[in-house]
Participant: 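I have a structure I would like to understand better, so I am pasting it below and will then ask my questions one at a time.
To find a chain, count down the sequence lines: A is the first, B the second, and so on, and within it residues start at 1.
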There are 2 protein chains.
Amino acid sequence: MATIYEVSEAAGVSLATVSRVMNGNARVSERTRQKVLDAMDALGYRPNAIAQSLASNRTNSIGLLVSELHGSYFGELMSTIELILKKHGKHVIITAGHVEEHRETEAIDFLTSRRCDALILHAEAVSDDYLTKLGKSGVPVAVVNRKVEGMEDQCFVADNENGGYLATKAAIDNGHKKIGYISGPLFKQDATERLNGHVRALNDAGIDNEPTLLFEGDYHESSGQEGFGKLFSDNADLSVLVCANDEMASGAMTAAREAGLNIPDDLSVIGFDNVLFSRYLHPKLTTINNPVHSMGEMAAAWILENVYDIKSPEPIVHVFEPELVERDSLGPL
Amino acid sequence: MATIYEVSEAAGVSLATVSRVMNGNARVSERTRQKVLDAMDALGYRPNAIAQSLASNRTNSIGLLVSELHGSYFGELMSTIELILKKHGKHVIITAGHVEEHRETEAIDFLTSRRCDALILHAEAVSDDYLTKLGKSGVPVAVVNRKVEGMEDQCFVADNENGGYLATKAAIDNGHKKIGYISGPLFKQDATERLNGHVRALNDAGIDNEPTLLFEGDYHESSGQEGFGKLFSDNADLSVLVCANDEMASGAMTAAREAGLNIPDDLSVIGFDNVLFSRYLHPKLTTINNPVHSMGEMAAAWILENVYDIKSPEPIVHVFEPELVERDSLGPL
DNA sequence: TTAAAAAATGTAAGCGCTTTCAAACGAAAT
DNA sequence: ATTTCGTTTGAAAGCGCTTACATTTTTTAA
């Protein structure tokens, strides 16, 4: 690999001049500029980004922490963020935290040791306190899908409470009264909020919030199956199942079908997230759209604006509204 | 951020000693070791990976190029590779090439400028020639899902030809004779190979390979719909549709259903890849499993062995066999 | 006890760049 | 021609580490 030194030699100019033409941030006469450019591609020169970063104290890279590298939720998040940042010449360094505290902190350590210019975190296991401290440590941090007290202006979240409300409201609007709810693991913020929304919708409609109609799942498909089993055996007159995500809705549908129920005639099902496969389910899943795209986009825009002084065309928004996606799994009572 | 210099000062030792305890690659007496460790966490010291890389000419990171950051195929590939490399303290830097030549080369340039210790490439748009040159340029390169002439021992591929064969063979074994084939875009190696396998199965069974039974799609769902429309209007007696991937199979199923056909009673459908949603389709899709996991795993193992001298427990294999996944969309004639 | 060998630590050069500051240059003004 | 001022270039320090080599300290053997 040719170095800047060899280029300077070949072009007959100093290191500084080569650096100047590379960065285009200082005047260089057209003649020497050309000499340098020629020398560069004669040598096949590629600047060493590592050395550049060390010298300039800038990496032009943004660290992104997600929980997993697979799954359509994270796929969309990563894609969105990468697209918008790359458009501005910035690069994303992605790591996975696997919803385990030590792996998340490890991943964040990695990103900071890499001296990322900023971080975008979808951190689920780490404490609020940790995030607050990190936020004060110097690196600009944007948090996705989590509201951390005291750093609201760096958080980009969906209004999960309202999403939960919308789901249950849709059931109620269809005449349902016996509404089962399969929640996510309640240590997760979004799961609690969605449940709160559900309860509010129930209250608004004057429907009792019976404990036997609630099942706490873990967001995985299998717990949707379990959830159906438990709720249905306790409540034979159950007419709709509101699920805190699409995976569990899918599991519930499978279990319901195995129990001989027809969806939505015997049992309606509603999901949450609107992940890719929800429209491949049969019947197509009625669900709540989770505005992942918007959250990612805005987090990226916020970084561009606050770290690189690249103004966003749109105003920065921190909370995004979920919407009901009406398909075929919710029917009238 | 504290630097190694401040640590050395605080601990009352030289830079070199601090570096030694950090890297654990040289003897340091237990007493000074402890002094240094204490100084480190008193200062909250984090080594600067950028500086380490520059000095040591090692980044401990592997560049990974995928076509997209979303989609279950790439999700699985990224997850697999990250998991195994992280287990050995290596990090993955992921970039997306979006199946466009200049974006792929740009992404690769980025990875090399970052001085990755090695590259794992799922490159679709770039030429064989380019890859060959890159392979000779010094960075160790592993290629996934593509066989490049002259660098076979760095390529990790599925036996797509045989996969295509298995799909059509399954149709034939079920008594079908009028077999429609929706291929992928034939500029892609895997699409061509799958088609070749299809043709071989036809020949083996003595079935004519009629041009009106072939439709070239683009691997997207919509072209599955088109494909069905075209093939079905030309061949009213079509009894099975073999599709070169699951997305197109899904599209074809939708279109068939809209045309009033029942699957698999009126028309059987077979997919390829066995992506996540294939089992959420209705009926569940019979498909060919694409051994993405194995390819990723092996590419990672190869890098560990060849770049970091970490021996793989399993022998290195370069070609992986797809398998038929029997579900509900293929029925007897 | 002393010399030799082994272990622990320090010194300093260098990784490939950026960037400040000073020097050289050229054109316009006198 | 000389001065002046803006433009272009170069010299050199430094970013935070690693590592070869030199030096000092400790251990072992005689």
Participant: For B/T17, report the nucleic acid contact type (base, sugar-phosphate, nothing); a contact means any heavy atom under 4.0 Å.
Facilitator: sugar-phosphate
Participant: Are B/L64 and B/T95 packed together at the side-chain level, in the sense that at least one heavy-atom pair is separated by less than 4.5 angstrom?
Facilitator: no
Participant: Nearest to the A/R20 side chain among C/dT20, D/dA20, D/dC17, which nucleotide is it?
Facilitator: C/dT20
Participant: Check this one for me: any side-chain N or O of A/T32 less than 4.0 Å away from OP1 or OP2 of D/dT9?
Facilitator: yes
Participant: Does OP1 or OP2 of C/dT9 have a side-chain N or O of B/S29 closer than 4.0 Å?
Facilitator: yes
Participant: Give a yes or no on whether the ring-centroid distance for B/F74 and B/H122 is below 6.0 angstrom.
Facilitator: yes
Participant: Are the aromatic rings of B/H70 and A/Y73 close, with centres under 6.0 Å apart?
Facilitator: no
Participant: For B/E30 and C/dT9, give me the distance from atom CD to atom P, rounded to whole Å.
Facilitator: 10 Å
Participant: Would you indicate, yes or no, if C/dG10 has its OP1 or OP2 atom less than 4.0 angstrom from a side-chain nitrogen or oxygen of B/S14?
Facilitator: yes
Participant: From C-beta outward on A/L15, which listed nucleotide comes closest to its side chain: D/dT18, C/dT9, C/dC17?
Facilitator: C/dC17
Participant: Side chains of A/V141 and A/V143: does their closest heavy-atom pair fall under 4.5 Å?
Facilitator: yes
Participant: Please state how far atom CG in B/N57 lies from atom P in D/dT18, giving the value in whole angstrom units.
Facilitator: 13 Å
Participant: Whole angstrom is fine here: how far is it from OH in A/Y5 over to P in C/dG14?
Facilitator: 12 Å
Participant: For B/D38 and B/Q34, test the side chains for any donor-to-acceptor distance below 3.5 angstrom and give the result as yes or no.
Facilitator: yes
Participant: Side chains of A/R115 and A/S61 only: does a donor on one sit below 3.5 Å from an acceptor on the other?
Facilitator: no
Participant: Can you figure out which of C/dT20, C/dT9, D/dC15 approaches the side chain of B/V28 most closely?
Facilitator: C/dT9
Participant: What parts of residues 42-50 of chain A reach DNA chain C, counting only heavy atoms under 4.0 Å away?
Facilitator: A/Y45, A/R46, A/P47, A/N48
Participant: Pick base, sugar-phosphate or nothing for A/S53, based on heavy-atom distances below 4.0 Å to the nucleic acid.
Facilitator: nothing
Participant: Using a strict 4.0 Å threshold on nitrogen-to-oxygen distance, state whether A/E106 and A/R103 make a salt bridge.
Facilitator: no
Participant: With the threshold set at 4.0 Å, does a side-chain nitrogen-carboxylate oxygen contact exist between A/R146 and A/D190?
Facilitator: no
Participant: Round to a whole Å and report the spacing from CZ of A/R27 to P of C/dG26.
Facilitator: 16 Å
Participant: Starting at atom CZ of B/R33, determine the distance to atom P of C/dA7, rounded to an integer number of angstrom.
Facilitator: 18 Å
Participant: In terms of side-chain heavy atoms of A/T3, which of D/dT9, C/dC17, C/dT18 is nearest?
Facilitator: C/dC17
Participant: Could you check whether B/V18 gets within reach of a base, just the sugar-phosphate, or nothing at all, counting any heavy atom under 4.0 Å?
Facilitator: nothing
Participant: For the residue pair B/M40 and B/M22, establish whether any side-chain heavy-atom pair is separated by less than 4.5 Å.
Facilitator: yes
Participant: Tell me: CE of A/M22 to P of C/dG16, nearest whole Å?
Facilitator: 13 Å
Participant: Angle, rounded to 10°, between the helical axes spanning five pairs at each terminus of the helix from C/dT1-D/dA30 to C/dT30-D/dA1?
Facilitator: 40°
